[in-house]
Amino acid sequence: MGEYAIQMLGITKAFPGIIANDNITLEVKKNEVHALLGENGAGKSTLMSVLFGAYSADSGKILINGNEVTIKNPNVATELGIGMVHQHFKLVHNYTVTENIVLGREPRNAFGILKLKDAEEKVAALSKQYGLAVDPKAKIEDITVGQQQRVEILKTLYSDSEIIIFDEPTAVLTPQEIDELMDIIRKLKQEGKTIVLITHKLKEIKAVADRCSVLRRGKYIGTVDVDKVTEQELADMMVGRAVKFEIDKSPANPGEVMLSVKNLNVKDANGIQKIHDLSIDVRAGEIVGIAGVDGNGQSELLQGLCGLLPVESGQILLDGEDITKMTIRQRIEKGLGHIPEDRHKHGMVGDFTLSENVALKDYYTDRYAGKYGMLNFSEMDTIADELIEQFDVRAGQGHATKAGSLSGGNQQKVIVAREISLSPKVLMIAQPTRGLDVGAIEYIRKRIIAERDKGRAILLVSFELDEIMNLCDRIATISKGQIVGIFNAGEVTERDIGLMMASSEHKE
Ligand SMILES: Nc1ncnc2c1ncn2[C@@H]1O[C@H](COP(=O)(O)OP(=O)(O)OP(=O)(O)O)[C@@H](O)[C@H]1O
Ligand SMILES: [Mg+2]
């Protein structure tokens, strides 16, 4: 028996205009946790999709447990004992947990009747063995994102995968869920599994990985033993230059109140009240952060403000004007910008090009007016080109690239670029750096501060306390749909805020 579970040798995979994987070699030892690190668009998801049989490589070979294999499709990968937990989950929402897990390999009796009971028992046993708490009979639409991820993990265990690939599993999780996942990964290792973990969070690599391979712009850079390097060394290796974790910023110079929220009440889509009598002001030239445990009304607050959810009662003033009852478009025209939490649902259209996505919110304005009532397409392309350049969006075909084909982090950069370029008076931002690499995080944070210094009022929601501490001038803690404390930055420590959040913890 050889030393390696996976050997990918000289893998090359090109897409139109870009070589996503350029002669990459990745060797993963049996029973290790192997981290895969690299900038947004470096080629990590592509490489793992080749391993999982979702893409076929242009050249190179793959060995599993020392034997050369051809992985034509994901079914072959499953037979070889390879499972993948995808960056964007692939679950059927109106099916139960068990139905999703057995999908495509349903156990049937001699008469072809589904034996769901047996499957439910096997799922329950696996979930107990690995500490993956989830109700086998619950519907996917009724469980949290963290639980959905457990379903994806159970799916790989159900088909006896010995190798499990995690593609950015923590990007969608709250800090609490991340700790739980780290424990699950340790448990999987104990049970003898081999794990590949893609993540941008160096802390996580330090916490669970044995070795780490780094990719940069489609090329293999090297592999290191995790306990022999610091987080800073990993970051520098991945970006190819020195990265700064702390952002320099001068004290805020707040002006007039730009956003004033008074006694707001908002119900979620199911009619459950999530925002209770909430009031908050944001001034021009300051960043106000909302800190809190996920599920305490952060999403509903932003959705109520931007018009995605109706307001039951209360008032929203933007630069002194009442926008409470305005349509979404009217609010945008009045100067409300929004970088949404769910970039696929509310941020972009995957089948549109980058030019179209950049113009999505103001295509009908003079900015894009061409001759004879037509859109000025060349202006659209020019504006998109400028943003691609400024925000370092890695796109194979420039402004003509379809947004859906971008890597996860590059999609996020496009949305941030568009919202900032619209120069809103008030910019609401949810999880701005989710899924971004450390270099991109540094840039986006600098841009947010630059926008503040131009006099924009910024309301920031983030689950990452260090992001809140790094960026905000004032910090409000939210609990059960109410602001329970508001502080000037510098007057509180990360620990104070953390304790306050924990003591008022509330989960759905
Ligand atoms: N189906 C596709 N069609 C065209 N281009 C693609 C496709 N999939 C990926 N690419 C391109 O290949 C490159 C590598 O993308 P990949 O998704 O592998 O990056 P990544 O390292 O996973 O990045 P991230 O950290 O942002 O998820 C990117 O430039 C991306 O635009
Ligand atoms: Mg990816």
Side-chain angles (χ1 to χ4, degrees), residues 8 11-24 26 34-58 60 74 84-90 149 152 165-172 196-202 204-205 212-221 234-235 237-240 243 343-344 347-348 350-354 357 384 388-389 391-417 431-444:
M8 299 184 80
I11 300 290
T12 294
K13 171 74 186 170
F15 292 112
I18 200 153
I19 302 177
N21 290 167
D22 187 357
N23 190 24
I24 292 181
L26 175 74
H34 196 108
L36 190 54
L37 179 68
E39 290 177 284
N40 297 126
K44 306 176 295 293
S45 295
T46 303
L47 188 68
M48 288 304 108
S49 299
V50 167
L51 181 60
F52 193 59
Y55 293 145
S56 61
D58 304 333
M84 182 153 175
V85 177
H86 291 273
Q87 194 164 1
H88 307 117
F89 306 152
K90 300 178 187 250
Q149 186 172 67
E152 290 268 359
I165 307 163
F166 287 92
D167 191 352
E168 274 191 62
T170 60
V172 291
V196 181
L197 171 67
I198 301 180
T199 178
H200 291 293
K201 301 194 186 134
L202 306 169
E204 293 166 9
I205 296 180
C212 174
S213 291
V214 178
L215 306 183
R216 197 190 308 147
R217 293 182 183 254
K219 293 200 166 65
Y220 171 74
I221 302 297
L234 279 175
M237 183 172 174
M238 140 186 183
V239 182
V243 178
R343 57 186 173 236
H344 293 108
M348 48 166 248
D351 288 332
F352 281 11
T353 64
L354 295 190
N357 271 290
I388 289 170
E389 162 90 30
F391 284 79
D392 190 24
V393 177
R394 311 269 168 92
Q397 295 164 295
H399 58 247
T401 310
K402 292 251 166 40
S405 81
L406 291 183
S407 77
N410 281 295
Q411 294 176 355
Q412 177 75 349
K413 288 193 221 168
V414 170
I415 296 167
V416 174
Q431 320 294 349
T433 55
R434 189 177 257 184
L436 295 187
D437 66 58
V438 288
I441 289 176
E442 182 188 12
Y443 179 72
I444 297 284

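One-based numbering, in listed order, for ligands and for the atoms of each. No hydrogens, no waters, no symmetry mates; every other heavy atom, side chains included, goes into these values.
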Novice: Look only at the side chain of Arg216 and the backbone of Met237, and say whether a donor-acceptor pair between them is shorter than 3.5 Å.
Specialist: yes
Novice: So, does Asp167 use its side chain to make a donor-acceptor pair with the main chain of Ser45 at under 3.5 Å?
Specialist: no
Novice: For the pair Asp437 (side chain) and Asn40 (backbone), establish whether a donor and an acceptor sit closer than 3.5 Å, ignoring hydrogens and angles.
Specialist: yes
Novice: Would you say the side chain of Leu26 lies within less than 4.5 Å of the side chain of Met48, judging by non-hydrogen atoms?
Specialist: yes
Novice: Hey, does the side chain of Gln412 reach the backbone of Leu436 with a donor-acceptor pair shorter than 3.5 angstrom?
Specialist: no
Novice: Are any N, O or S atoms from Ser45 nearer to the Mg ion (ligand 2) than 2.8 Å?
Specialist: yes
Novice: Could you please provide the protein residues found below 4.0 Å of ligand 1 on a heavy-atom basis, arranged by chain and number?
Specialist: Phe15, Ile18, Ala20, Glu39, Asn40, Gly41, Ala42, Gly43, Lys44, Ser45, Thr46, Tyr55, Gln87, Glu168, His200, Arg394, Ser405, Leu406, Ser407, Gly408, Gly409
Novice: Determine all donor-acceptor pairs shorter than 3.5 Å in which one atom belongs to a side chain in residues 399-407; sequence neighbours excluded.
Specialist:
| residue | atom | partner | partner atom | Å |
| --- | --- | --- | --- | --- |
| His399 | ND1 | Asp385 | OD1 | 2.7 |
| His399 | ND1 | Asp385 | OD2 | 3.3 |
| Thr401 | OG1 | Gln397 | N | 2.9 |
| Thr401 | OG1 | Gly398 | N | 3.2 |
| Thr401 | OG1 | Gly398 | O | 2.8 |
| Ser405 | OG | Lys402 | O | 3.1 |
| Ser407 | OG | Gly41 | N | 3.2 |
| Ser407 | OG | Asn410 | ND2 | 2.8 |

